[in-house]
Each structure stands twice: as structure tokens, then as C-alpha cells.
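Before any comments, here is the structure.
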Amino acid sequence: MTPTLAEPPYLSPDIAAALVAIAVEIGGIAVAPSKRDFIQMRVSRRLREIGCGDFESYLASLKGPGGDEEARRLVEALTTHTTSFFRERVHYDWLTAEGLPALVAQGAGRERPLTVWSAACSLGSELWSAGMTLDAFAAKQPGELRWALVGTDISRKILRRAANAVFTEDEISGLDEPMRRAWLLRSAAPQKGRTLYRIAPELRGRARLAWANLVDLDPRMSLTADVAFLRNVLIYFRPDDQRRAVANVLGRLRTGGYLLTGHSESLSEPPAGLRQVRTSVYQKV
């Protein structure tokens with residue numbers, strides 16, 4: 001007899017709203033409480049991991065001893081990590097043609113390392129795409145160009161995957177064959193029927209990955225960036241938290257540096273000290 005899958009525990013509207021309120025307070029992640037199917041699917045996985053039988057008990061654990069740590073796990077569970085290499089390709093093309101040359105003219109890469117920050121790096125596709133762009137650009141410059149990568153995310157689990165820098169065939173679909181040869185190492189034998197690829201050590205060695213909550217950025221975090229990618233993350237924040245996240249990222253961006261947002265997230269009212277260069281590209285002045 002074929003076993004039946006256990007039904008997920010019931011999630012009431014009140015508890016869905018309470019879980020969303022905790023996620024907003026801890027990480028600024030604003031999921032509509034009405035999306036109960038999504039919340040139930042994501043958080044049910046966490047219930048199974050910790051052996052919790054229902055959402056009522058889970059909510060109680062969030063409010064009890066050690067609840068802060070579990071609340072951060074809740075934020076991770078509700079965060080979407082859809083990403084791909086060279087997503088919104090126009091940004092990378094603009095960096096190569098205009099952004100990076102302008103930064104080098106300001107002394108970046110010569111007087112100091114040129115630093116690119118992927119502020120919500122997820123699995124790392126954006127971070128490594130930026131690294132490939134920088135590496136290709138540096139190879140065409142006279143003399144040595146110094147550069148570095150920084151990736152941050154609110155999910156420690158996802159950061160570990162980003163640091164490992166291993167991808168499946170599907171996950172590298174945005175890379176053509178010359179790019180794969182230049183910046184990827186292919187596994188000698190398929191694992192679980194899949195061919196895996198790892199970012200080359202020449203890129204991995206230039207990257208630093210760290211946990212960060214963009215809405216409540218740790219003031220002790222040591223970072224000054226020339227380019228900050230803040231793409232496809234603001235949509236998860238409430239308007240007030242969007243402004244806080246932008247302000248926190250700008251505080252780590254060097255004057256003359258560039259902020260890149262998602263094309264669906266252009267700032268309707270850029271904050272003072274930020275001028276729009278083109279759609280979804282801004283410069284700190």
C-alpha cells in the first residue's frame with residue numbers, strides 16, 4: 001500500500017498575521033498575511049526540522065526563551081532566493097562601458113581596491129556575475145587593477161551555499177561556454193546524476209561573505225563600497241523599511257560610487273545626495 005503524505009498543520013489567519021509581524025520586526029521582510037498558502041508551505045518546513053507539530057506551538061516558541069534565534073530562522077524561511085547569473089544584464093554592460101571606467105578615473109583599483117557589494121547576494125549569482133565582469137574589465141586595463149567582492153544576506157544558510165559557490169547546470173544557464181571555461185570548474189563525475197560547477201578560486205579568493213540585516217545594519221560592519229547592488233530585495237520591505245535599507249547601504253557607499261536597484265524598484269524619490277544616472281542606476285554625490 002502506498003503511504004499517504006501527512007497533511008501540513010493548519011495555519012489560522014491570526015497566527016499567519018502574528019508570524020508576519022515577527023518577520024517584519026526582526027528582518028523587515030513584509031509578506032502579506034493573506035498569503036497563507038505561501039507562509040504555510042515555507043514555515044511548515046521549519047516545523048518539520050525542529051519537530052514542532054503545529055503553528056500554535058511554534059508561535060509560542062518564538063515568544064519564549066531562545067525565540068530571537070528562531071525568529072531569524074523564520075525570516076530565512078520566508079525569504080525568496082530566486083536568482084540567476086547576469087540577471088538584468090544591462091547593469092553589467094553599463095558597468096563595463098561607463099561605471100567601472102569612471103570609478104578607475106576616480107582612483108578606484110589604483111589608489112585603493114575597487115569594491116563591489118552584493119547587498120542581498122542570495123545564492124551568489126549576482127556576486128559572481130559582478131566578479132566575472134570585474135575580472136574581464138581588469139584584464140583589459142594597463143597595469144594591475146586591484147578589486148574585491150563583498151556579499152551579504154540575511155540568511156546564514158544561503159550564505160553558506162553562496163560561499164561554497166557550487167551550481168547546477170540549470171543554475172548557470174545565464175553563462176555561455178566561454179564564460180564557463182574562464183570562471184567555472186566542472187565536476188569530474190556527476191553527483192546524484194547532476195553535473196556540478198564551482199566558481200574558480202581566482203574569483204572566490206577575492207570575495208568576502210557576511211551576514212547582514214539591511215534594515216538594521218550593524219554599525220561595526222567594516223565595508224566601504226564603490227558599487228552596491230541592491231536589487232530585487234526592496235520589494236519585500238515596507239516603504240519605511242525600504243528607506244532605511246537604502247539609507248544604510250548609502251552609508252557604506254563611497255562618494256562617487258554607484259547604487260544599482262532592480263528595474264522594477266527604481267527609487268521614485270531618490271534620497272538627498274543621490275542622483276539618477278539612468279534607469280535603476282544612481283550615483284552618490
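Heavy-atom basis, side chains included; hydrogens, waters and symmetry copies ignored.
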Looking at [X] and [Y], what are the two nearest heavy atoms and their distance?
| X | Y | answer |
| --- | --- | --- |
| E88 | T261 | OE1-O, 4.3 Å |
| L145 | V104 | CD1-CG2, 3.9 Å |
| L253 | K284 | O-NZ, 2.8 Å |

Please tell me if the side chains of [X] and [Y] come closer than 4.5 Å, counting only heavy atoms from C-beta onward.
| X | Y | result |
| --- | --- | --- |
| T152 | L209 | no |
| L214 | I154 | no |
| L175 | M132 | yes |
| F237 | R243 | no |

Looking only at the side chains, is there a donor atom on one of H91 and S280 sitting less than 3.5 Å from an acceptor on the other? yes
One thing to verify: whether [Y] and [X] come together as a salt bridge, which I'm taking to mean a side-chain N less than 4.0 angstrom from a carboxylate O.
| X | Y | answer |
| --- | --- | --- |
| R161 | E171 | yes |
| E265 | R231 | no |
| R73 | E70 | no |
| R180 | E169 | yes |
| D170 | R194 | no |

Kindly confirm or rule out a cation-pi arrangement of R252 over W117, judged by NZ or CZ under 6.0 Å from the six-membered ring centre and within 45° of its axis? no
Measure from the ring center of F85 to the ring center of W183 and say whether it is less than 6.0 Å. no
May I ask you to check whether F229 and Y92 place their ring centers less than 6.0 Å from one another? yes
Start with the C-alpha distance between F137 and L95, add both sets of side-chain angles, then the distance that settles side chain to side chain contact (heavy atoms under 4.5 Å, CB included), and finish with yes or no. CA-CA 9 Å; F137 175 80; L95 280 172; over 6 Å; no
Could you give me the CA-CA distance, side-chain angles and deciding distance for E126 and R87, then say whether side chain to side chain contact (heavy atoms under 4.5 Å, CB included) is met? CA-CA 7 Å; E126 178 180 84; R87 185 179 182 181; over 6 Å; no
Where do D226 and V116 land on the side chain to side chain contact (heavy atoms under 4.5 Å, CB included) test, with the steps shown first? CA-CA 6 Å; D226 295 285; V116 174; over 6 Å; no
Which is it for R220 and D218 under the salt bridge (Lys or Arg N to Asp or Glu O under 4.0 Å) test, yes or no, and what are the steps along the way? CA-CA 5 Å; R220 297 170 298 178; D218 190 337; 2.9 Å; yes
